[in-house]
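Before any comments, here is the structure.
Chain letters run A, B, ... following the sequence lines, proteins first, then strands; residues in each count from 1.
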Amino acid sequence: MTMKLTRRLLLAAGVAALLAALKPGRLLARHRSRAGGAARTPTGDRLAAAFTDLDAPREVGRRYLRADPLEASPERVQAFLDEFSDLGSPEALRQDLARLRDRDFRVQDIVFIDGWVLARSEARLCALTVLL
Amino acid sequence: MIEDFRGFEDGRTYEADICIIGGGPAGITIARELIGSRASVLLLESGGREYEDEVQALYAGRNVGLPYFDLDVTRLRYFGGSTNHWGNYCGPLREIDFEERSWVPFSGWPITLKDLDPYYRRAQQICALGRYSYGRERWVELGLDVPAFDPAKVLPNVRQIGPQLNFAEAYGPELAAAENIRVLLHANVVNIQSNPTATSVAHLDIRTLEGKRGQVTARQFILACGGIENPRLLLASNGVEQNGLGNRQDLVGRFFLEHPKAWRMALLRAKSPLALVQAYTDRFHDGVHNRPRWRLARTAQEDMKCLNGEWGVGTDADRQGGTIAARKMWQNLKRGRWPDDLGEKVWRIASDLDDVGVNAYREFMLGEEPIPEFQNVIMWSTSEQAPNPDSRVMLGEQRDALGIPRVQLDWRLTELDKYTKASIAKIAAAELARLGIARAKLEDWLLDPNGSWPDVAGEHHHMGTTRMSDDPKKGVVQGDCRVHGVDNLYIAGSSVFPTGGTVNPTLTIVALALRLADHLKPGYAS
């Protein structure tokens with residue numbers, strides 16, 4: 001059954017995506033380990049525990065990846081992560097995300113999830129929660 | 001003087017220097033401008049001073065294209081024309097609207113905004129509007145915070161909404177008192193008779209509905225009957241040229257333009273929906289109401305290769321709700337009119353008393369615009385229509401009571417029109433999200449390349465059907481509004497617009513009428 005993307009879900013996805021942005025390097029590591037068939041890492045477990053709700057960003061991420069499967073490639077994910085100046089600093093990540101969002105909206109690099117308009121960076125963060 | 005053709009003897013010939021066909025805003029403006037000149041002016045009006053069913057029925061026709069308003073509802077046929085029911089929503093066309101744009105087929109006027117600008121300023125006064133101010137400075141005057149949207153994408157815009165202004169009531173007395181102006185009511189033009197080579201108008205055949213006939217001769221004739229009736233009369237005047245007068249290039253009636261409206265382009269989610277809606281409600285300032293909105297910047301149109309467009313914020317409030325019923329009732333009473341369907345309105349108010357009460361407090365105690373209860377905040381848009389030769393006014397098979405073929409309207413839009421709506425929605429949604437004002441959920445049809453545009457609607461703006469171009473192969477009238485190849489026939493009104501921009505047309509109609517009057521005056525200088 002298709003999940004309807006509600007306003008609550010969308011906003012939750014935004015929050016969760018921001019949280020996810022705090023640990024993108026670990027998300028990528030997890031993605032890589034899963035791609036290699038490895039077991040879930042302790043880091044991944046800790047990260048997952050940091051989210052109050054992963055359903056929303058995952059739903060957004062799944063829809064985004066379904067529409068553009070190439071976004072799941074390690075190269076694209078790495079390229080996205082390279083856009084962040086300091087993956088270790090929560091404050092820097094917040095600022096980078098705001099910058100990326102502003103840039104995306106300015107150049108119309110937007111995606112549509114069930115009609116909702118998201119900056120591509122927002123959608124990519126949500127996609128990372130699926131790849132986790 | 002104002003007289004009634006029905007009171008004169010049959011078969012009479014009326015003479016004038018200038019004969020104006022149509023007593024709407026264009027015709028009245030030109031006649032008024034000629035007061036005191038040496039020109040004897042005869043203004044022919046089909047209707048009388050009041051609405052009459054049998055006269056209005058002459059406007060009936062068929063819609064054979066996109067769903068459109070009934071053709072005898074979307075305009076009024078009596079002295080004052082459609083100013084008898086208009087809302088006096090006004091604004092000027094923008095610079096880009098006059099330009100030839102490579103991505104908009106058939107675009108480009110032979111005149112520029114600079115040519116029209118002085119006339120817009122005069123038209124502003126004639127339409128009883130405020131200062132000639134429609135941009136950012138107007139928002140500041142209104143006390144609005146101007147969001148920091150990217151000026152390369154969208155720009156602040158305002159529609160001025162003047163008082164209810166019936167041109168016949170406002171300016172009829174001046175015409176009545178003028179020695180050189182004669183208004184003939186109930187004088188229907190049934191034929192524009194040209195000379196044998198169709199290079200000039202010889203006379204007009206006029207009739208009353210009762211069968212009285214007459215003729216009008218003049219040095220110059222001005223057709224000012226509106227965007228649907230102007231082409232109808234030219235097409236029906238086919239005694240000399242089979243395709244109608246001024247129609248050697250088969251352009252008369254083609255390129256019918258509207259302002260396609262999408263009432264709901266997107267659902268908007270904001271932290272404070274009420275504050276967002278309030279920012280876009282009318283403000284009374286400078287003697288007029290002002291309605292804030294946004295328009296696409298030139299660079300956005302160039303980058304997106306789309307048409308001009310506007311968007312704003314509204315709600316999905318029930319149009320049948322008590323607050324709207326109460327407002328309509330109050331507006332009628334203020335004008336000394338007893339409201340239509342009074343019982344129904346009272347019932348709607350009674351069954352929605354809480355919302356009516358809140359909004360009465362808002363309007364009368366706080367001086368704010370009422371905001372009827374709503375569920376959702378929405379983004380709406382109105383936009384320019386792409387000129388399209390297949391969107392057209394034609395003559396139908398049936399005839400009206402005067403024997404003139406009834407009109408057939410085939411309103412059509414193109415892919416560019418839908419693409420423009422999607423472009424407006426995407427730009428607006430991105431800017432709203434970028435500034436954290438609101439998130440938008442676009443309607444499905446905007447995102448589906450194959451999706452059809454539901455509930456497409458016009459705005460009672462009939463334009464483009466005798467378009468202006470200096471090239472006779474591309475236009476019916478030249479830059480001075482004279483019909484190509486017909487040396488004494490001019491056209492006034494929105495039918496001469498080659499493109500329609502995004503604004504309500506009357507201010508431009510009046511501005512062009514002033515310009516045409518200025519063009520004619522030197523021949524009759526006192």
Side-chain angles (χ1 to χ4, degrees), chain A residues 2-19 21 53 56-57 59-68 71 83 91 93-127, chain B residues 147-154 262 264-273 276 296-297 299-306 311 316 375-379 419-449 451 454:
Chain A
T2 307
M3 187 176 175
K4 198 73 181 163
L5 190 62
T6 62
R7 178 198 174 208
R8 179 181 292 275
L9 191 57
L10 181 80
L11 294 176
V15 172
L18 187 61
L19 288 173
D53 175 19
E59 180 59 24
V60 173
R62 267 192 291 272
R63 284 164 180 259
Y64 178 57
L65 291 170
R66 206 156 46 228
D68 189 355
E71 284 289 283
E83 300 210 61
E91 185 53 34
L93 283 167
R94 280 194 197 91
Q95 287 177 6
D96 283 342
L97 181 58
R99 173 180 55 78
L100 292 172
R101 187 162 41 202
D102 183 84
R103 180 203 63 187
D104 290 350
F105 282 133
R106 276 186 190 277
V107 300
Q108 293 276 306
D109 192 6
I110 53 181
V111 298
F112 307 96
I113 308 291
D114 197 23
W116 290 98
V117 179
L118 274 70
R120 186 169 299 280
S121 299
E122 294 174 323
R124 281 177 169 157
L125 280 171
C126 291
Chain B
F149 290 140
D150 183 349
K153 295 203 169 62
V154 292
R264 182 172 170 144
M265 299 237 292
L267 190 69
L268 296 179
R269 292 299 186 201
K271 284 176 191 160
S272 174
L276 180 60
L296 289 185
T299 39
Q301 294 175 56
E302 289 169 347
D303 291 348
M304 302 291 281
K305 298 276 180 284
C306 68
W311 60 275
D316 62 355
Q375 299 297 315
N376 293 299
V377 183
I378 56 168
M379 179 202 299
Y419 168 76
T420 295
K421 283 289 186 237
S423 300
I424 295 167
K426 289 172 186 174
I427 290 170
E431 285 297 291
L432 286 166
R434 187 175 67 80
L435 296 185
I437 295 171
R439 287 287 180 155
K441 181 183 191 296
L442 271 50
E443 294 289 308
D444 292 344
W445 64 273
L446 290 166
L447 299 174
D448 179 359

* Can A:R120 and A:D109 be counted as an ion pair, charged N to O under 4.0 angstrom? -> yes
* Structure fact -> Scored by heavy-atom pairs under 4.5 Å with chain A, the best of B:K153, B:E431, B:E443 is B:K153
* Who among B:G436, B:A433, B:A266 has the most heavy-atom pairs with chain A under 4.5 Å? -> B:A433
* So with a 6.0 Å cut-off around CD of B:Q375, is the heavy-atom count from everything else above 12? -> no
* **Crowding at CG, B:D444 (>12 non-hydrogen neighbours, <6.0 Å)** => no
* **Derivation and outcome, side-chain contact (heavy atoms from CB on, under 4.5 Å), residues A:Q95 and A:E91** => CA-CA 6 Å; A:Q95 287 177 6; A:E91 185 53 34; 3.3 Å; yes
* Among A:I110, A:D102, A:D104, single out the residue with the greatest number of heavy-atom pairs under 4.5 Å to chain B. => A:D102
* Does any heavy atom of chain A fall under 4.5 Å from the side chain of B:L435, the backbone, both, or neither of them? -> neither
